[in-house]
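Just so you know, residue 1 is the first one in the sequence shown, and it goes up from there.
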Amino acid sequence: MKGLIPDYLTDILDEVRDVTDGEVPDYIPALAEADPAWLGVVIHTTTGNTYAAGDDLAEFTIQSVSKPFTYALAMQELGIDAVREVVGMEPSGEAFNEMSLEKEAKRPFNPMINAGAIAVNQLINGTDSDVDDRVEVIRQFFSKLAGRELEIDASAVDGEMEGADRNLSIAHMLRSYDIIVDEAHDAVISYTRQCSLRVTLHDLAVMAATLANGGIQPVTGERLLSEAVCRQTMAVMASCGMYDAAGRWMARVGIPAKSGVSGAVIGMLPGQLGIAALSPRLDGAGNSVRGVKIFENMSTDMGLHLMSTENIAGAHAVRSINRVGEDTIVTIQGMVNFIGAEAILGVLNQHNFRDGRIVLDVSRMVESNTMGRRMLKEGLRRLREEGHEIGVIDPDGGLKQRLMDDGSQIPLVNENEG
Ligand code: GLU
């Protein structure tokens with residue numbers, strides 16, 4: 001039954017594949033080279049599993065998706081309070097490249113708009129650092145987050161610098177209020193290099209999963225950020241991460257997120273997973289048209305919304321696997337939503353089933369959502385396809401219905417039979 005989650009992700013991509021709304025931005029020459037047809041999505045769980053579909057290996061510049069991670073690094077280096085002196089945490093209600101500051105405090109509204117991001121970039125490695133050293137610290141940190149060496153796209157930097165008047169104006173404004181000390185040109189070069197790190201969706205998904213995991217990179221196991229820094233970063237992403245559409249995003253999708261002009265969108269469900277999607281055509285607010293739809297569909301399907309009242313599943317959704325006579329009984333416990341079912345499918349995939357029936361006992365399942373039940377049923381269907389006889393112990397009707405995608409029913413097994 002391998003491939004169940006990637007198959008689901010492919011379905012998710014198919015739902016939006018024909019949408020051609022939006023434009024690929026060309027104000028940065030490197031962005032105009034993107035293939036508008038690129039479409040991909042990757043999930044990375046905090047337990048270190050990854051699932052991908054579509055153009056998951058396409059490389060692109062990270063752009064604004066870098067902002068939360070540099071913000072996190074600054075807080076890790078200097079402390080949350082010190083960074084708050086420099087940049088606020090309120091949505092600006094303006095375009096990402098607006099030349100604006102908070103009226104009273106004279107600091108950028110938040111670290112997700114360019115004014116805030118340029119100010120935050122300047123904090124890394126100390127305000128007296130030269131540009132090369134600062135950018136190298138950022139590159140190394142991002143590489144640790146991604147779990148591989150990332151590189152800066154020098155030609156993307158050069159191209160963006162040729163038309164960087166707006167960002168230069170922002171840097172001059174920041175300097176005039178003593179928010180940064182570097183020359184405006186140095187500040188913008190430093191920030192633009194940060195934006196020009198080349199990444200894939202796999203990189204972004206595991207980076208998002210590291211925030212969701214409280215700062216421990218799920219694959220390498222290295223602690224890169226404190227839990228407090230991750231919480232602060234995700235909180236600001238939740239209110240300011242999606243340009244001017246952050247409010248609508250929170251209502252419809254309901255998870256912390258950040259998008260960028262290269263068409264990437266990342267989001268994460270704290271404690272559970274990171275998601276990254278890519279599609280280069282952007283809407284009027286600057287967000288990937290299909291990227292937003294992908295997240296909307298996944299949030300509805302998978303029950304990701306943070307304000308939903310569904311319970312959080314643990315990673316220990318399989319209580320036991322026992323051989324009883326000719327049957328192998330797999331006992332499920334707790335909440336079965338996406339992450340619960342993902343853990344169960346992972347255990348089933350690794351288990352070496354012997355001959356005889358595979359019976360899923362869901363009588364200890366406390367709660368489930370549509371996605372969790374759908375995944376369990378599809379998992380059983382695939383086990384049957386592989387030649388196993390299947391069944392379910394479900395005295396309380398926890399699965400709601402036993403109909404599988406192919407129209408057949410999962411046979412009910414009597415509790416006392418095992
Ligand atoms: N480097 C881009 C800029 O400053 C990033 C913009 C974005 O992704 O929102 O214009």
Side-chain angles (χ1 to χ4, degrees), residues 9 12-13 38-46 50-73 96 110-112 117 141-142 145-147 150 194-195 197-215 217-219 224-225 230-243 245-246 249-250 252-280 282 285-299 302 304-306:
L9 294 178
I12 284 282
L13 295 184
W38 275 348
L39 182 65
V41 62
V42 175
I43 290 182
H44 205 110
T45 67
T46 51
T50 178
Y51 306 96
D55 297 302
D56 58 319
L57 298 175
E59 282 210 2
F60 50 90
T61 51
I62 188 167
Q63 300 300 341
S64 277
V65 178
S66 64
K67 289 171 178 170
F69 299 103
T70 311
Y71 178 51
L73 176 59
F96 72 99
N110 67 67
M112 305 299 156
F141 175 66
F142 278 55
L145 284 167
L150 300 180
Q194 166 193 319
C195 289
L197 279 158
R198 288 181 72 79
V199 289
T200 66
L201 287 180
H202 285 275
D203 299 325
L204 293 185
V206 73
M207 290 167 79
T210 304
L211 287 180
N213 201 29
Q217 213 272 13
V219 181
L224 300 173
L225 295 164
C230 291
R231 194 182 61 191
Q232 172 72 15
T233 306
M234 291 189 284
V236 175
M237 291 172 81
S239 56
C240 312
M242 296 300 285
Y243 302 115
W249 173 274
M250 206 52 203
R252 288 214 190 145
V253 182
I255 58 174
K258 184 73 197 89
S259 65
V261 283
S262 41
V265 187
I266 63 165
M268 67 282 298
L269 197 53
Q272 300 191 38
L273 45 84
I275 307 174
L278 175 71
S279 172
L282 308 183
N287 295 313
S288 165
V289 175
R290 294 189 295 184
V292 170
K293 282 193 196 302
I294 288 170
F295 270 91
E296 285 178 353
N297 293 350
M298 284 173 81
S299 181
M302 292 168 59
L304 296 179
H305 204 298
L306 278 173

Engineer: Could I get the full list of side-chain contact (heavy atoms from CB on, under 4.5 Å) partners for A53, not counting sequence neighbours?
Structural biologist: L9, T10, L13, V41
Engineer: Rounded to the nearest 0.5 Å, what separates atom CD in E59 from atom CG in L150?
Structural biologist: 9.0 Å
Engineer: Applying ring pair (Phe, Tyr, Trp, His ring centres under 6.0 Å), name anything that partners F60, two or more places apart in sequence or on another chain.
Structural biologist: none
Engineer: Can you confirm whether F141 sits close enough to L225 that some side-chain heavy atom of one is under 4.5 Å from a side-chain heavy atom of the other?
Structural biologist: yes
Engineer: Using the salt bridge (Lys or Arg N to Asp or Glu O under 4.0 Å) criterion, which residues pair with R252? Sequence neighbours excluded.
Structural biologist: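 E296.
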Engineer: Which residues satisfy the ring pair (Phe, Tyr, Trp, His ring centres under 6.0 Å) test with Y71, sequence neighbours excluded?
Structural biologist: none
Engineer: Look up atom OG1 in T50 and atom CG in L273, then write down how far apart they are to the nearest 0.5 Å.
Structural biologist: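 Going from OG1 on T50 over to CG on L273, the span is 11.0 Å.
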Engineer: Within a 6.0 Å radius of atom CZ on R198, are there more than 12 heavy atoms belonging to other residues, nucleotides or ligands?
Structural biologist: yes
Engineer: Would you please name every residue forming a side-chain hydrogen bond (donor to acceptor under 3.5 Å, both in side chains) with S288, sequence neighbours left out?
Structural biologist: none
Engineer: Within the side chain of T46, is there an N or O that forms a donor-acceptor pair under 3.5 Å with the backbone of Q272?
Structural biologist: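 Here the side-chain-to-backbone pair exists.
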Engineer: Working to the nearest 0.5 angstrom, can you tell me the gap between I12 CD1 and F295 CZ?
Structural biologist: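 One gets 11.0 Å once the value is rounded to the nearest 0.5 Å.
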Engineer: Tell me whether W249 contacts the main-chain N or O of S239 through its side chain, where contact means a donor paired with an acceptor under 3.5 Å.
Structural biologist: no
Engineer: Going by salt bridge (Lys or Arg N to Asp or Glu O under 4.0 Å), name the pairs with one or both residues in residues 260-280, residues two or more places apart or in two chains.
Structural biologist: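 For residues 260-280, and leaving out neighbouring residues, there are no salt bridge (Lys or Arg N to Asp or Glu O under 4.0 Å) pairs at all.
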Engineer: Mind checking what makes side-chain contact (heavy atoms from CB on, under 4.5 Å) contact with C240, not counting sequence neighbours?
Structural biologist: P91, N110, M112, V236
Engineer: Could you tell me which residues satisfy side-chain contact (heavy atoms from CB on, under 4.5 Å) with S299, sequence neighbours excluded, listed by chain and number?
Structural biologist: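 Here the qualifying residues are V253, L304, H305.
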Engineer: Could you report the tightest heavy-atom contact between L57 and T200, atom names first, then the distance?
Structural biologist: O-CG2, 3.8 Å
Engineer: For W38 and D55, work out which heavy atoms get closest and say how close.
Structural biologist: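 Residues W38 and D55, closest heavy atoms: CA-OD2, 3.3 Å.
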Engineer: Would you say the side-chain atoms of T70 pair up with the backbone N or O of K67, donor to acceptor, closer than 3.5 Å?
Structural biologist: no
Engineer: A side-chain contact here means heavy atoms from C-beta on lying under 4.5 Å apart; do I294 and L39 qualify?
Structural biologist: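 Yes, side chains in contact.
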Engineer: If we only count heavy atoms from C-beta on, is the I62 to F142 side-chain gap below 4.5 Å?
Structural biologist: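 Yes, close enough: below the 4.5 Å cut-off.
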Engineer: Who pairs with T233 by side-chain hydrogen bond (donor to acceptor under 3.5 Å, both in side chains), at least two apart in sequence or on another chain?
Structural biologist: none
Engineer: For residues M302 and L269, determine if any side-chain heavy atom of one lies less than 4.5 Å from a side-chain heavy atom of the other.
Structural biologist: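 Contact flag for M302/L269 side chains = no.
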Engineer: Are V42 and L204 packed together at the side-chain level, in the sense that at least one heavy-atom pair is separated by less than 4.5 angstrom?
Structural biologist: no
Engineer: Check A277 against G291 and note the closest heavy-atom contact, atom names and distance.
Structural biologist: CB-CA, 4.5 Å
Engineer: Is any side-chain heavy atom of L306 closer than 4.5 Å to one of P270?
Structural biologist: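 SC-SC contact between P270 and L306 confirmed.
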Engineer: Using 0.5 Å steps for rounding, measure from the CE atom of M250 to the CD1 atom of I255.
Structural biologist: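 So the gap between those two atoms works out to 8.5 Å.
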Engineer: Listing request: all salt bridge (Lys or Arg N to Asp or Glu O under 4.0 Å) pairs with a residue in residues 199-211, at least two apart in sequence or in separate chains.
Structural biologist: R148-D203
Engineer: Using a 3.5 Å cut-off and no angle test, enumerate the donor-acceptor pairs between side-chain atoms of residues 257-265 and protein atoms at least two apart in sequence or in another chain.
Structural biologist:
{"from": "K258", "atom 1": "NZ", "to": "G241", "atom 2": "O", "distance (Å)": "3.2"}
{"from": "S259", "atom 1": "OG", "to": "N287", "atom 2": "OD1", "distance (Å)": "2.4"}
{"from": "S262", "atom 1": "OG", "to": "T61", "atom 2": "O", "distance (Å)": "2.7"}

Engineer: Is Y243 close to L282 at the side-chain level, that is, under 4.5 Å between some pair of heavy atoms?
Structural biologist: no
Engineer: Determine all donor-acceptor pairs shorter than 3.5 Å in which one atom belongs to a side chain in residues 205-214; sequence neighbours excluded.
Structural biologist:
{"from": "T210", "atom 1": "OG1", "to": "V206", "atom 2": "O", "distance (Å)": "2.8"}
{"from": "N213", "atom 1": "ND2", "to": "I216", "atom 2": "O", "distance (Å)": "2.8"}

